[in-house]
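Note sheet for the following structure.
Quantities reported herein were computed from a predicted structural model and do not represent experimental measurements. In what follows, chains carry the letters A, B, and so on, assigned in the order in which the sequence lines appear, proteins first and then strands, with residues in each chain numbered from 1. When reading the values below, keep in mind they use all heavy atoms of this one structure, side chains included, and skip hydrogens, waters and symmetry mates.
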Amino acid sequence: MSEAVIDESGGRYPFREIEKKWQARWADAKVHKATQDTSKQKYYVLVMFPYPSGSGLHVGHCKNYVPGDVVARFKAMQGYNVLNPMGWDAFGQPAEQDAIKRGVNPRTVVPTLAEVYKKQLNILGVSYDWDREINSTDPSYYKWNQWMFLKLYEKGLAYRDAAPVNWCINESTVLANEEVVDGKCWRCDGPVVKKPLPQWKLRITSYADRLLAGLEGIDWAEGLKTQQRDWIGRSEGAEVDFACGTHKITVFTTRPDTLWGATFMVLSPEHPLVAEITTGAQKATLEAYAAEAAKKSDEDRTAEGKEKTGVFTGAYAINPVNGAQIPIWIADYVLTGYGTGAIMAVPAHDQRDFEFARKFDLPIVLVYAEADTPVESGLTEAFASGGAFRESLGSPFSGEPQDKSVIVPKVVKWIEAQGCGRGKIQYRLRDWLLSRQRYWGTPIPMVHCPSCGIVPVPEDQLPVVLPDCENYKPGPDGRSPLSTIESFVKTTCPSCGGPAERETDTMAGSVDSSWYFLRFADPHNENAAWDKAIADYWMPIDMYIGGREHAVGHLLYCRFFTKFFQDLGLISVDEPAAALRNQGMLNAFTPVLSGTDKSIKPGEFVHYPRDEWIAQYNANKAPIPAERIIEVDGKQKIEPIEVEFSWLKMSKSKQTAVTPDEMADKYGADSLRTLILFEAPFEDTIQWSEERMNGPFRFLARVWDTVSGIVSAPPPPGASETLPSVLGGDLPDNWAPMPDADVKTLRRKLHQTIAKVTDDIESFRFNTVVSALMILHDALRKFCNAGGVAHPAARETAEGLTLLLAPLAPHLADELWEKLGGQGFLFQTQWPVSDPSLAANEEVTVVVQINGKVREKLTLPAGLSNDALEAAALDSDKVRADLEGKTIRKVIVVPGKLVNIVAN
RNA sequence: GCCUGGGUGGCGAAAUGGUAGACGCAGCAGACUUAAAAUCUGCGGUCCGUAAGGGCGUGCGGGUUCGAAUCCCGCCUCGGGCACCA
């Protein structure tokens, strides 16, 4: 539909030739190669490295690569020594699934996929230093994953512990969370339970306080920092010991001051003491309940609005502060992974405990009460703040107000003195489970020896190479496919030399991405993960760009690793990224099954005339009747369905992918880049529509026309052939018949635009950068059309515009620069500087309001005093007429902008 | 449920306490053309009015202020994350 915009002959704005030409020149000259140069200020810009999937890049991926490239180019032009690398995060599940399905080794597929990504990124014209390309699946890379694991183990930060996995009973395999849908396996629809397996964990919790503290000094979005803080979830409180027969049950509470109101106790169904304390009569009920809880996700279990469930164990515990016998229950809203897996329940002051007590008719005892509050029976919800400690409880705290920050430390001190508990800081953060029972990952470099136990593989035997595999299906008992490869498993113990077995778990992919930014500094080092001096030069990342979805996963892990490396003396910084920006998504109008958000998969249609359907849907806003093919008893059957459209993330599997390749071919990569930047603010979602490509394309084509016109305009008689090529300073007079005022206006626009563009790129407001350049171009075009095409000011503006355009549309800019007689590549050319004296306005528009409503606009010389502005406003005819018969109460003047007259 | 980010014309948006709708898309009108496309010029929130001009208007309800899209309180609603997708 928009095809016609393009001149197929390539005569007007021949973007295909231009882009091909400059991509070749940049590659030949290695313009974007980064070399360490301590005489220059470095700037490390990094876009999170992608997982190269089989479907290649679509325009949605450009939402981060393009802005990242703009920053790299902008900083290079500002004279920084820029590092802008790229690589592949290629371990992971999709490749493994593919291997199981098609029997192909990911090892042979990954390089091909990476090549496709690289080719597509080059089509976009991004300025990566490809000499630093890395691939996380290369043994020369994952060797260092293993080395780091050994270091973590050495420091006691890697340990083995039982952790539950999703277990599909039918298939006897471990499932990822993503593979569990409504508590069932997404492939076989069979039941899924939690099954404990011994696995490797990293003690990220011992860095919890440093991970919190480190957030203070970094330039990341406040919301994202809050998410991290809440994820770490530091809470101060106490551990309290309750006796239960000969057993001791320890609970964690943030409210030890409410101990006097603890009327029952709740254990998680998985708590180890459950089996021991349960009385015979309750045993069967409890086991059934625990089995039911194992099927639920943590979110389902803890959801607040949800109806509470639970079972009485038949056992009692002794409340240490008052000797009360309180019943012990189990309930699924208490989780094993958090705290001690047991809580004391204070229904009077905690809402969840309150709901539980109401449901099971358990006693409620108020610790705090307003003087005139009636007794417990009148409560409709937990009484979480206010009131004073009740006298009748006989505690030493009678009369204290319910003020957590004051009373909790006092109570902690007291229970410590009593010996029934101690102050404790609890984190919500859990240790990092890095074991995966999968093939396509870094082998964990450990050996299990029957006589020596767990023995690390010595450093000089690294890497433990991931072996080839015949069959990618998981091994028995939930072990990884590696367990079926005898040549891999069988080894000798590094300690005693006897026969031993290798660990068959592999590492989670998040290990690879927790330090890749350091490898980019020194990617070819064979003797170390990186050289400290080199990494210290480049680190930290000055601008890190990636999606918000990484807020608490990757972005926490890589901070942990960086702090660990600092502790080992491997790096000087303790935060990986000084600044971080999160791009928005790119959505496409996607067909979904009516009334759901379930996308329609290939093969579910008989027909799919996309454009037609979209038009029809937009016209009627009603579901469109369609058909899909389903299989019933091995026979294909056509089933009628209804289809609607909704904005979902662009994706190949949903048949909505548009590739950068096709856009570059139709409109040019520069147009695509400009569109991505212009269409929505960097952090906002773009709703993709190809129609929108017209705007950026037309803009760049107009710039091409205008600058070409200026370049080929013959200088007027008597003029020197050489036109100024340095911005600012004085221009020759009387060059062309242009009024001085017009020349001044154009130059002012240029210098104002330089200032605005510089400022806006710095603050990631790329959309307003584009509009500012459009406005500058329009001013230049007008000037040329008015007879100024050969005027030095036109050429000066053309040069300025070209320089400002360089980060956004680098191919076109380099081409125009060459036409203008510029030397070299713009990547290596100085960014323009705004001259404040040329940018200053001589006149300003002052708005005159009466009672906050605009009544008049005055054009006045800039820099008038407030008194002069007020006088000018009161002197205007319009204002005088409006004020007729009114008394002026107050006049507010905003210098150079506004006068508001309050009158009645 | 918990944590987080949004909501402004037909559409993408701009304005971060001071002229709401810059810039662009789609549309309409005109110029050029044998014609169409491209290109160029112009119009464009809404209501009243021939016009000049005026009223209303930034998800909803309240508040602060001379002045609120912007700040505060309460709602509605849409997106992202929730530890094995990466």
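Here B/A13 presents its P atom at 7 Å from CD of A/Q687, a figure rounded to the nearest Å. Rounding to whole angstrom units, CD of residue A/Q93 and P of B/A83 are separated by 14 Å.
When heavy atoms are screened at a 4.0 angstrom cut-off, A/Q227 is found touching base atoms of the nucleic acid. Using a 4.0 Å heavy-atom cutoff across all strands shown, A/E549 reaches at least one base atom of the nucleic acid. Among the protein residues, A/Q437 comes within range of the nucleic acid bases, having at least one heavy atom under 4.0 Å from a base atom. Counting any heavy atom pair closer than 4.0 Å across all strands shown, A/S435 reaches a base atom. When heavy atoms are screened at a 4.0 angstrom cut-off, A/W432 is found touching no nucleic acid atom at all. Using a 4.0 Å heavy-atom distance criterion, A/V165 is classed as a base contact. Base contact: A/Q199 has a heavy atom under 4.0 Å from a base atom. Backbone-only engagement by A/G92 is indicated by non-hydrogen atom pairs under 4.0 Å involving sugar-phosphate atoms exclusively. Using a 4.0 Å heavy-atom distance criterion, A/K201 is classed as making no nucleic acid contact. At the heavy-atom level, A/H550 lies under 4.0 Å from base atoms of the strands shown. Among the protein residues, A/V847 comes within range of the nucleic acid bases, having at least one heavy atom under 4.0 Å from a base atom. Among the protein residues, A/G553 comes within range of no part of the nucleic acid, since none of its heavy atoms lies under 4.0 Å from any strand. Using a 4.0 Å heavy-atom distance criterion, A/L433 is classed as a base contact.
Partners of A/R880 according to the salt bridge (charged side-chain N to carboxylate O under 4.0 Å, His left out) rule, which considers only residues two or more places apart in sequence or in another chain, are A/D875, A/D877.
Phosphate contact (OP1/OP2 of B/C84, side-chain N/O of A/R436, threshold under 4.0 Å): present. Residue A/K878 has a polar side-chain atom (N or O) positioned under 4.0 Å from OP1 or OP2 of B/G54.
The residue among A/E222 and A/R781 whose nearest nucleotide of RNA chain B is located toward the 5' end is A/E222.
Straight-line distance between the P atoms of B/G49 and B/G5: roughly 47 Å, to the nearest whole Å. Remark: the separation of the P atoms in B/G10 and B/A83 is 41 Å, to the nearest Å. Rounded to a whole angstrom, the distance from the P atom of B/G1 to that of B/C11 is 31 Å. Separation of the P atoms belonging to B/A15 and B/C78 is 27 Å when rounded to the nearest angstrom. To the nearest whole angstrom, the two C1' atoms, one in B/G21 and one in B/G7, are 16 Å apart. Separating the P atom of B/G9 from that of B/C47 is a span of 15 Å, rounded to the nearest Å. Rounded to a whole angstrom, the distance from the P atom of B/G53 to that of B/G62 is 33 Å. B/G24 and B/G30: their P atoms are spaced 22 Å apart (whole Å).
Using a 4.5 Å heavy-atom cutoff, the side chains of A/R559 and A/Y207 are not in contact. Taking 4.5 Å as the limit, every side-chain heavy atom of A/L773 sits out of range of all side-chain heavy atoms of A/V703. Counting only heavy atoms from C-beta outward, the side chains of A/L700 and A/F15 never approach each other to under 4.5 Å. At least one side-chain heavy atom of A/V769 sits less than 4.5 Å from a side-chain heavy atom of A/L808. Using a 4.5 Å cut-off on side-chain heavy atoms (C-beta onward), A/I204 and A/Y557 make contact. At a threshold of 4.5 Å between non-hydrogen side-chain atoms, the residues A/N841 and A/Q752 count as touching.
The side chain of A/E178 lies closest to B/C85, out of B/A13, B/C85, B/C84. Picking from B/A20, B/C3, B/G81 the nucleotide with the shortest atom distance to the side chain of A/V854 gives B/A20. Minimum atom distance to the side chain of A/D230 is reached by B/U4, of the listed B/G12, B/U4, B/C84. The side chain of A/D89 approaches B/A86 more closely than any other nucleotide in the set B/A86, B/G18, B/A14. Nearest nucleotide to the A/M585 side chain, out of B/G54, B/G79, B/C85: B/G79.
Secondary structure note: stems in RNA chain B built from 3 or more consecutive Watson-Crick or G-U wobble pairs under 3.5 Å occupy B:1-7 with B:76-82, B:10-12 with B:23-25, B:27-31 with B:39-43, B:45-48 with B:53-56, B:59-63 with B:71-75.
Side-chain N/O atoms of A/R229 and base N/O atoms of B/C3 include no donor-acceptor pair closer than 3.5 Å.
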Polar-atom pairs under 3.5 Å, protein N or O versus N or O of nucleotides 70-75 of chain B: list them with distances, or write none.
none

Under 3.5 Å between N/O atoms: give me all the protein pairs with nucleotides 63-68 of chain B, atom names plus distance.
| unit_1 | atom_1 | unit_2 | atom_2 | d |
| --- | --- | --- | --- | --- |
| B/C66 | O2 | A/N900 | ND2 | 2.4 |

Distances for protein N/O vs nucleotides 21-25 of chain B N/O pairs under 3.5 angstrom?
| unit_1 | atom_1 | unit_2 | atom_2 | d |
| --- | --- | --- | --- | --- |
| B/G24 | N2 | A/R692 | NH1 | 2.4 |
| B/C25 | OP1 | A/R698 | NE | 3.1 |
| B/C25 | OP1 | A/R698 | NH2 | 2.9 |

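One finds a salt bridge joining A/D759 and A/R765 here, because a Lys/Arg side-chain nitrogen approaches an Asp/Glu carboxylate oxygen to under 4.0 Å.
Sorted by first and then second residue, the side chain to side chain donor-acceptor pair (under 3.5 Å) pairs with a member in residues 767-782 of chain A read A/T706-A/H777, A/T706-A/R781, A/D760-A/T768; sequence neighbours excluded.
For A/E679 and A/Q687, the side-chain atoms include no donor-acceptor pair closer than 3.5 Å. A/R548 and A/Q227 share no side-chain donor-acceptor pair at under 3.5 Å.
B/G9 has its base syn relative to the sugar, with a glycosidic angle deviating from 0 by at most 90°.
Going from atom NZ of A/K756 over to atom CD1 of A/I775 covers 8.0 Å, rounded to the nearest 0.5 Å.
By the 30° and 60° cut-offs, the orientation of the rings of A/F766 relative to A/F682 is perpendicular.
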Next on the checklist: One pair to check against side chain to side chain donor-acceptor pair (under 3.5 Å): A/N145 and A/W515. What are the steps and the verdict?
Outcome noted: CA-CA 9 Å; A/N145 283 350; A/W515 68 281; 2.7 Å; yes

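Residue A/K749 qualifies as open at atom NZ: its count of foreign heavy atoms under 6.0 Å is 12 or below.
A/F699 has its ring centre no less than 6.0 Å from the ring centre of A/F678. Ring centroid separation for the pair A/Y516 and A/W88 does not come in under the 6.0 Å cut-off.
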